[in-house]
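Structure first, then comments.
Computed over heavy atoms, backbone and side chain alike; hydrogens, waters and symmetry mates excluded. Note that ligands are numbered from 1 as they come in the structure, with each ligand's atoms numbered from 1 the same way.
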Amino acid sequence: MHARAVAATAVAILAAVTLLSPSSPARAGETGDATVIAHRGASAYAPENTLASIDKAAQLGFTWVENDVQRTKDGRLVVIHDDSLARTTNVEDVFPGRAPWKVKDFTAAEIARLDAGSWYSPAYAGTRVPTLEQYMRRVEHNHERLLLEIKNPELYPGIEQQTLKLLGNEGWLDQRHLGRLVVQSFSADSVRTVHELKPALTTAFLGKPPVAQLHAYARFADLVNPSYGSISAGYVSSVHAVTGPHGRRLGVFAWTVDDKVAAWQVVGYGVDGIITNKPDVVRAALRAN
Ligand code: G3P
Ligand code: CA
């Protein structure tokens with residue numbers, strides 16, 4: 001057998017054993033398997049971080065969606081990944097003299113004029129960059145759960161408090177909603193701030209802290225969410241061995257897994273969640289085990 005096929009088979013067997021083993025540790029998902037999270041919505045099939053992308057995730061049967069939150073010039077929270085509007089909107093056409101088109105340099109009214117769908121497909125022409133308020137209402141309408149990323153917090157002083165205030169205003173910080181919400185960031189300071197402001201909230205650090213530092217992160221983060229290519233079964237076990245701020249073991253959501261072999265690989269490692277642009281592909285991979 002070809003070496004790559006042998007490796008894939010070994011990964012698949014390991015994944016199956018892990019999924020079926022009665023001694024597997026409890027996972028974060030409702031089914032007992034790894035939770036599948038639609039990254040920026042079902043972003044392989046609809047423009048990322050739009051209402052269309054979370055509608056698509058719901059249509060595909062997924063409840064968990066991920067997004068990225070930033071702030072406009074006039075202080076409104078909006079859902080968009082890059083710190084510039086250029087890649088995912090027609091801002092260069094609408095405001096040609098405003099390079100480099102940073103989110104923080106445009107008002108919410110200006111951003112509301114932009115087309116955030118045509119870059120992806122003409123079928124999505126007219127799709128808008130959602131405000132966080134609009135986004136939360138659609139998540140609620142769709143009965144979804146949210147992995148909310150505070151993106152580039154160093155650009156937006158106070159964004160943690162502002163995000164929590166909006167979430168509270170939208171009813172997302174009550175007991176019923178807290179189980180449907182995780183706030184994450186690549187900034188440890190930002191995650192720590194969120195935890196201190198709202199200790200009951202589940203939080204996640206994006207990245208891969210050294211094993212020796214996991215106890216320090218566990219003071220304010222419930223999950224460690226690394227790039228899937230950076231981890232191993234040993235690293236996931238090391239994370240699971242640490243108790244987080246709510247007295248539960250730390251969890252691991254790995255990103256961004258878009259093919260079945262990678263899905264089998266990370267399930268074999270024992271991750272609790274898989275963040276993916278193609279949730280249907282990951283689901284099919286898990287079912288094939
Ligand atoms: O949720 C994980 C992932 O979103 C982190 O990377 O750049 O896609 O926000 P990025
Ligand atoms: Ca993100």
The side-chain contact (heavy atoms from CB on, under 4.5 Å) partners of Glu154 (sequence neighbours excluded) come to Asn152

Sorted by chain and residue number, the side-chain contact (heavy atoms from CB on, under 4.5 Å) partners of Ala42 (sequence neighbours excluded) come out as Tyr45, Lys56, Ala57, Leu60, Pro279

Would you confirm whether the ring centroid of Phe106 sits within less than 6.0 angstrom of the ring centroid of Phe95?
yes

| query | Mind checking whether Phe186 and Trp255 have ring centres under 6.0 Å apart? | reply | yes

Under 3.5 Å, is there a donor-acceptor pair between the side chain of Arg138 and the main chain of Thr50?
no

Quick one: does Ser230's side chain have a donor or acceptor within less than 3.5 Å of a partner on Ser227's backbone? yes

Output the list of atoms in ligand 1 that are nearer than 4.0 Å to some heavy atom of [X], sorted by atom number.
X      : value
Asp68  : 9 (O)
Leu206 : 2 (C)
Phe186 : 5 (C), 6 (O)
Glu149 : 4 (O), 5 (C), 9 (O)
Glu66  : 1 (O), 2 (C), 3 (C), 4 (O)

(message) Tell me whether the rings of Tyr217 and Phe220 are parallel (<30°), tilted (30 to 60°) or perpendicular (>60°).
(response) tilted

Subject >> Distance-only donor-acceptor check, side chains Asn277 and His39, under 3.5 Å >> reply: yes

Checklist entry - Does a side chain donor of either Asp258 or Thr276 reach within less than 3.5 Å of an acceptor in the other side chain? => result yes

Short version for Phe253: what comes under 4.0 Å of ligand 1, heavy atoms counted, is neither

Which N, O or S atom name in [X] marks its closest approach to the Ca ion (ligand 2)?
X      : answer
Glu149 : OE1
Glu66  : OE2
Asp68  : OD1

For [atom], what's the nearest protein heavy-atom neighbour? Residue, atom name and distance, please.
atom                   : answer
atom 9 (O) of ligand 1 : Lys151 NZ, 2.7 Å
atom 3 (C) of ligand 1 : His39 NE2, 3.4 Å
atom 8 (O) of ligand 1 : Arg40 NH2, 2.7 Å
atom 7 (O) of ligand 1 : His81 NE2, 2.7 Å

* Asked: Is there a heavy atom of Ile275 sitting under 4.0 angstrom from any atom of ligand 1?
  -> yes

